[in-house]
Amino acid sequence: QVQLVQSGGGLVQAGGSLRLSCAASGRTFSSFAMGWFRQAPGKEREFVATIKWSSGSTWYADSVKDRFTISRDFGLNTVYLQMNSLKPEDTAVYYCAARRSMVAISAQEMYDYWGQGTQVTVSS
């Protein structure tokens with residue numbers, strides 16, 4: 001049984017930084033792709049970033065490119081989302097997700113497992 005347990009998040013002023021963590025367990029994740037998504041109040045959940053666990057190849061939504069960094073730690077089986085230069089429009093519940101495929105994509109319906117979500121609030 002795959003489990004994704006998120007930590008991090010909270011309240012930060014605009015321009016600040018936060019790091020989200022997603023600890024994965026229950027499988028060997030070398031053949032997985034991992035992703036981060038977010039859902040702002042009143043909006044649909046949207047893609048943020050994805051990483052191919054084996055190679056570390058990454059892709060980002062245009063809205064976060066050059067500000068956010070997705071990474072993974074093999075030893076800890078953990079995926080991170082480092083968020084810098086945060087803006088009020090980044091306020092959302094952030095979710096990590098895992099996909100049983102080595103192909104890292106942005107389509108959330110293609111992800112098989114989800115974390116519990118964590119709130120990120122950026123004040124202006």
Tell me which pairs pass disulfide bond (SG atoms under 2.5 Å apart) where either residue lies in residues 27-84, with sequence neighbours left out. none

I'd like to check the side chain to side chain contact (heavy atoms under 4.5 Å, CB included) partners of Glu46; sequence neighbours left out, ordered by chain and number. Arg38

Same cluster or not: Trp59 versus Phe29, using hydrophobic residues (I, L, V, M, F, W, Y) connected whenever any side-chain heavy atoms lie under 4.5 Å apart? no

Counterpart residues, salt bridge (charged side-chain N to carboxylate O under 4.0 Å, His left out), relative to Lys65 (two or more places apart): Asp62

By the rule that ILVMFWY residues connect when side-chain heavy atoms come within less than 4.5 angstrom, directly or transitively, which residues belong alongside Leu76? Tyr80

Could you go through residues 99-106 and list every donor-acceptor pair under 3.5 Å that involves a side-chain atom there, pairing it with any protein atom two or more places apart or in another chain?
unit_1: Arg99; atom_1: NE; unit_2: Met110; atom_2: O; d: 3.1
unit_1: Arg99; atom_1: NH1; unit_2: Ser101; atom_2: OG; d: 3.2
unit_1: Arg99; atom_1: NH1; unit_2: Val103; atom_2: O; d: 2.5
unit_1: Arg100; atom_1: NH1; unit_2: Tyr113; atom_2: OH; d: 3.0
unit_1: Ser101; atom_1: OG; unit_2: Val103; atom_2: N; d: 3.1

Side-chain donor-acceptor distances from residues 13-26 under 3.5 Å, at least two apart:
unit_1: Ser17; atom_1: OG; unit_2: Asn84; atom_2: OD1; d: 2.9

Not counting sequence neighbours, list each pair that qualifies as a salt bridge (Lys or Arg N to Asp or Glu O under 4.0 Å) and has a residue in residues 67-76. Arg67-Asp90

Rounded to the nearest 0.5 Å, what separates atom CD1 in Ile70 from atom SG in Cys96? 9.0 Å

So with a 6.0 Å cut-off around CD of Gln82, is the heavy-atom count from everything else above 12? yes

Stepwise, does the side chain to side chain contact (heavy atoms under 4.5 Å, CB included) test hold for Leu4 with Gln116? CA-CA 8 Å; Leu4 303 176; Gln116 80 275 20; over 6 Å; no

Would you compute the distance between atom CD of Gln119 and atom CD of Gln6 and round it to the nearest 0.5 angstrom? 11.5 Å

Relative to each other, are the rings of Tyr94 and Phe68 parallel, tilted or perpendicular (30° and 60° limits)? tilted

To the nearest 0.5 angstrom, please state how far the CG atom of Asn77 sits from the CE atom of Met34. 8.5 Å

Going only through I, L, V, M, F, W and Y residues with side-chain contacts under 4.5 Å, is there a path from Leu11 to Leu81? no

Does Gln1 CD have over 12 foreign heavy atoms under 6.0 Å away? no

Return the set of residues passing side chain to side chain contact (heavy atoms under 4.5 Å, CB included) with Ser124 (not counting sequence neighbours), or none when no residue passes. Pro88

Taking ring-ring contact (aromatic ring centres under 6.0 Å, His included) as the definition, give me every residue that meets it alongside Phe37, ordered by chain and number, with sequence neighbours left out. Phe47, Tyr111, Trp114

Could you walk me through whether Asp112 and Phe32 satisfy the side chain to side chain contact (heavy atoms under 4.5 Å, CB included) test, starting with their C-alpha distance in whole Å, then the side-chain angles of each, then the deciding distance to 0.1 Å, before giving a yes or no? CA-CA 10 Å; Asp112 303 292; Phe32 275 56; 5.9 Å; no

Taking ring-ring contact (aromatic ring centres under 6.0 Å, His included) as the definition, give me every residue that meets it alongside Tyr95, ordered by chain and number, with sequence neighbours left out. none

Do the side chains of Asp66 and Tyr60 get nearer than 4.5 Å, heavy atoms only? no

List in chain and number order the residues that pass salt bridge (charged side-chain N to carboxylate O under 4.0 Å, His left out) with Arg27, two or more places apart in sequence or in another chain; answer none if no residue qualifies. none

Contacts satisfying salt bridge (Lys or Arg N to Asp or Glu O under 4.0 Å) that involve residues 6-15 (not counting sequence neighbours) are none

Rounding to 0.5 Å, atoms CD (Gln108) and CD (Gln39) come to a distance of 8.0 Å

